[in-house]
Every structure is written in structure tokens, then in C-alpha cells.
Amino acid sequence: MPELPDVEVFKRYLDSTALHKTIIAVEVKSAAILEGVTAGMLQKTLQSRQFQSTHRHGKHLLVALEQEPWLTLHFGMTGYLKYFKQMEKDPEHDRLLVSFDNGFHLAYVCQRKLGAVGLTDSVDSFIAEKQLGPDALSLDLEGFRQALQGRRGTVKSFLMNQKHLAGIGNVYSDEILFQCKLHPKSQVNHLKGKTVARLFQVVQKVLHAAIDAQADPDQMPDSYMLSHRRRDGTCPRCRGDLQKISIAGRSSYYCPVCQTKPA
DNA sequence: AGTACCACCTGACGGC
DNA sequence: TGCCGTCAGGTGGTAC
């Protein structure tokens with residue numbers, strides 16, 4: 001679930017809680033989430049230092065220390081952050097626990113352990129190493145056209161491919177295609193210039209709206225398909241039944257009446 | 001450069 | 001009650 005909007009909410013949460021406080025302890029509770037670092041390296045790197053700022057790229061959150069390196073966080077399917085007081089009980093499934101000198105902790109929680117925590121020298125080298133495409137909210141129409149340049153295949157897999165465009169996953173690609181009235185299996189090389197421009201605008205609109213709603217489906221407009229896909233399975237526009245099909249092994253929901261494939 | 005499919009991992013849920 | 005298959009869905013690997 002943690003796609004771009006969720007991670008942006010985590011970023012703002014971390015920004016408003018855990019910056020500029022001295023780290024006094026680092027506990028790795030599950031080494032399975034470590035990527036390219038050992039628990040010892042992580043502890044040694046963070047000990048006695050402070051988080052200075054954060055940067056989000058796609059679904060990745062990078063946290064700057066006073067100087068290099070950066071802490072990198074990816075949330076897999078079930079990850080999130082929790083900042084809490086000393087006296088409170090550690091959250092369930094916390095995999096990394098950072099303790100500050102003010103008596104608070106920041107927990108990286110990841111029930112299914114599909115997330116990853118690591119270190120990197122810079123934002124740019126991290127993006128290069130992961131081969132991430134441009135962030136979906138940090139490019140203009142021209143950049144979006146470039147990301148699409150020469151591609152084939154379905155629009156759904158294009159939107160979800162982090163190497164082409166970073167930040168969009170299964171849930172928001174469905175929402176974007178619904179708002180854009182495009183069938184998920186539309187071929188990207190068949191999209192007309194006007195449709196590409198509309199798709200770009202809808203990507204921006206949906207991601208911003210989701211952030212405004214704290215990435216919480218219950219706070220999103222009723223016209224969004226997101227909250228309907230499992231609740232009643234009904235299209236909020238035409239009230240027909242939503243269809244569920246499999247694309248690239250993912251379940252995709254769409255409205256067969258409202259969403260059509262261009263020739 | 002695409003696609004399909006598997007694996008990773010844990011918990012919820014429905015069927016029997 | 002409890003076991004089992006399936007699903008959830010981000011990512012990476014493999015085979016075609």
C-alpha cells in the first residue's frame with residue numbers, strides 16, 4: 001500500500017517529529033529488512049547524530065544526517081513510521097527502533113518484512129543504483145512524454161514501473177486510470193498526444209488529492225474508485241459493477257462501462 | 001522491451 | 001475448532 005502519497009505522508013510525519021534530536025540508541029529488531037548494511041554499521045552510523053531533513057523519491061524516503069550518508073527507507077506493502085514516547089509499549093512488528101535524547105522513539109514498522117532499510121551516499125547515487133525513473137510529482141508534461149517515449153505495453157504496467165516513473169503502485173494506478181477513463185490494458189503507444197496530456201494531469205491530480213486526504217481512502221472524495229473497490233465493488237460514476245482482472249499478476253479493478261481502450 | 005510467473009513474508013478470511 | 005488455500009501487493013529474478 002505505501003505508494004507515493006503514503007510515503008509523502010510518512011515524510012511529513014517524520015519532518016514534524018523526529019528531526020534535530022540526538023540519537024542515543026538504535027535497535028535492529030529484524031535484520032531481514034536491512035539492505036546492504038549490517039545492524040552494527042547502522043548503529044555506528046546513526047549513534048549520537050541527528051536527522052536533518054528528508055527527501056522523497058517515488059516510494060522511497062531518504063533521511064539526511066548532518067553529513068553523509070543518508071538513511072534510506074522503503075516500506076514494502078505494510079510499512080509505516082511511528083513516533084512515540086518512552087513509556088509506551090513498542091508497536092507490533094517494529095523492525096527498527098531509533099531512540100532520541102528527548103525520551104521519544106521512532107519505529108520503522110513493517111509487518112510483512114518486504115520493506116528495506118539501508119544507507120546511501122547521496123540521493124542521486126541512490127536513484128542511479130535503484131534505476132528509478134523520475135518522481136511522478138516532480139516532472140512536467142514534457143518529462144512525462146519523455147518517460148513514455150518509445151514504450152510499448154499496457155498503460156497500467158507503465159504507470160507501475162518504477163524505472164519509468166517512480167511512485168505509483170497498484171492501487172493508485174487503478175485510480176488514475178479510472179479518473180482518466182482509460183482501460184488498464186490500453187497500449188501506451190496507441191495513446192494520442194491529447195490523451196497523454198490528460199493522463200499526466202490526472203496523475204498529478206490524483207496523487208495530490210491522495211496526499212491531501214492523508215492517503216486515507218475514507219477521506220477521499222466519493223467519486224474516487226479506491227474506497228469502492230472492496231467495499232461495494234460499484235463504480236461511483238455509473239453505479240455498475242467494477243471488474244477485476246489480472247495484469248502482470250496484480251489484481252486490477254476498473255469499470256468496463258466508463259473505462260475504454262483507444263483503438 | 002515486453003509479458004508471465006514465482007518467491008519473499010505475514011495475517012486475514014472463507015470453506016470444509 | 002483448526003487446517004488449508006487464497007489473497008493482499010512492492011519488488012526482484014527468471015524464462016520466454
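Worth knowing before you read on, the calculation uses all heavy atoms, side chains too, and leaves out hydrogens, waters and symmetry mates. All values reported here derive from a predicted model rather than from experimental measurement. Below, chain A is the first sequence line, B the second, and so on; all start at residue 1.
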Expressed as a whole number of angstroms, how long is the span from A:Leu61:CG to C:dG10:P? 17 Å
For nucleotides B:dC5 and C:dT6, find the distance between their P atoms and express it as a whole number of Å. 15 Å
Which whole-number value in Å describes the distance from A:Gln162 CD to C:dG13 C1'? 17 Å
Specify the separation, in whole Å, of atom CE of A:Met160 and atom C1' of B:dG2. 14 Å
Running the 4.5 Å side-chain criterion over Ile, Leu, Val, Met, Phe, Trp and Tyr, what cluster does A:Leu242 land in, apart from itself? A:Phe178, A:Met225, A:Tyr253
If I compare all heavy atoms of A:Thr78 with all of A:Arg112, which pair ends up nearest, and what's the gap? OG1-N, 3.0 Å
Sort by first number and list every stem of DNA chain C: at least 3 consecutive Watson-Crick or G-U wobble pairs, both distances under 3.5 Å. B:2-8 with C:10-16, B:10-16 with C:2-8
For A:Arg56, is there an ion pair with A:Asp135 - N to carboxylate O distance below 4.0 angstrom? yes
Check nucleotides 14-16 of chain C for protein N or O atoms closer than 3.5 Å to its own N or O atoms and list the pairs.
none

Is a donor on one side and an acceptor on the other found under 3.5 Å between the side chain of A:His183 and the backbone of A:Lys185? yes
Given B:dG2, C:dA8, C:dT11, which nucleotide is nearest the side-chain atoms of A:His164? B:dG2
Could you give the CD1-to-C1' distance, from A:Ile33 to B:dT10, as a whole number of Å? 15 Å
Any pair counted as side chain to side chain donor-acceptor pair (under 3.5 Å), so long as it reaches residues 243-252 of chain A, sequence neighbours left out: A:Lys156-A:Ser252
Once you round it to whole Å, what is the distance between C1' of C:dA8 and CG of A:Asn170? 10 Å
Considering only atom C1', compute the distance from C:dA8 to B:dT3 and round it to an integer number of Å. 22 Å
Please determine if a side-chain N or O atom of A:Tyr172 lies less than 4.0 Å away from the OP1 or OP2 oxygen of C:dG10. no
Send over the distance from A:Glu3 CD to C:dG10 C1', rounded to a whole Å. 9 Å
Sub-3.5 Å pairs of nitrogen or oxygen atoms, protein against nucleotides 4-9 of chain B:
residue: B:dA4; atom: OP2; partner: A:Ala248; partner atom: N; Å: 3.4

Can a donor-acceptor pair be found, under 3.5 Å and without considering hydrogens, that links the side chain of A:Gln259 to the backbone of A:Leu177? yes
Rounding to a whole Å, what distance do you find between A:Asp94:CG and B:dT10:P? 14 Å
What residues, two or more places apart in sequence or in another chain, satisfy salt bridge (charged side-chain N to carboxylate O under 4.0 Å, His left out) together with A:Arg12? A:Glu8
Suppose the criterion is ring pair (Phe, Tyr, Trp, His ring centres under 6.0 Å): which pairs have a residue in residues 200-233 of chain A, not counting sequence neighbours? A:Phe144-A:Phe200
Is the phosphate of B:dT3, meaning OP1 or OP2, less than 4.0 Å from a side-chain N or O of A:Ser157? yes
With sequence neighbours left out, the residues meeting salt bridge (charged side-chain N to carboxylate O under 4.0 Å, His left out) with A:Asp121 are none
Can A:Phe104 and A:Phe84 be said to form a ring pair (Phe, Tyr, Trp, His ring centres under 6.0 Å), step by step? CA-CA 6 Å; A:Phe104 278 74; A:Phe84 62 104; 8.4 Å; no
With a 4.5 Å heavy-atom cut-off, do A:Leu182 and A:Arg198 have their side chains touching? yes
Output yes when at least one side-chain N/O atom of A:His74 is less than 4.0 Å from OP1 or OP2 of C:dG10, else no. no
Is any side-chain N or O of A:Lys163 closer than 4.0 Å to OP1 or OP2 of B:dG2? no
Where the side chain of A:Lys11 meets the backbone of A:Thr54, is there a donor-acceptor pair that is under 3.5 Å apart? yes
Write down the distance between CD (A:Glu92) and C1' (B:dA12), rounded to a whole number of angstrom. 15 Å
May I have the list of side-chain donor-acceptor pairs in residues 28-37 of chain A shorter than 3.5 Å, sequence neighbours left out?
residue: A:Lys29; atom: NZ; partner: A:Asp90; partner atom: OD2; Å: 2.6
residue: A:Lys29; atom: NZ; partner: A:Asp94; partner atom: OD2; Å: 2.8
residue: A:Ser30; atom: OG; partner: A:Ala32; partner atom: N; Å: 3.4
residue: A:Glu35; atom: OE1; partner: A:Lys130; partner atom: NZ; Å: 3.0
residue: A:Glu35; atom: OE2; partner: A:Lys130; partner atom: NZ; Å: 3.1

Side-chain donor-acceptor distances from residues 209-216 of chain A under 3.5 Å, at least two apart:
residue: A:Asp216; atom: OD1; partner: A:Asp218; partner atom: N; Å: 3.0
residue: A:Asp216; atom: OD2; partner: A:Gln219; partner atom: NE2; Å: 3.2

Does A:Thr78 have a side-chain nitrogen or oxygen under 4.0 Å from the phosphate oxygens OP1 or OP2 of C:dA8? no
Can you pull out the residues from residues 118-135 of chain A that lie within a 4.0 Å heavy-atom distance of DNA chain C? none
Side chain to side chain donor-acceptor pair (under 3.5 Å) partners of A:Glu3, counting only residues at least two apart: none
Give the nucleotide from the list B:dG2, B:dG11, C:dT11 with an atom nearest to the side chain of A:Arg151. B:dG2
Between A:Lys59 and C:dT11, is there a side-chain N or O to OP1/OP2 distance below 4.0 Å? yes
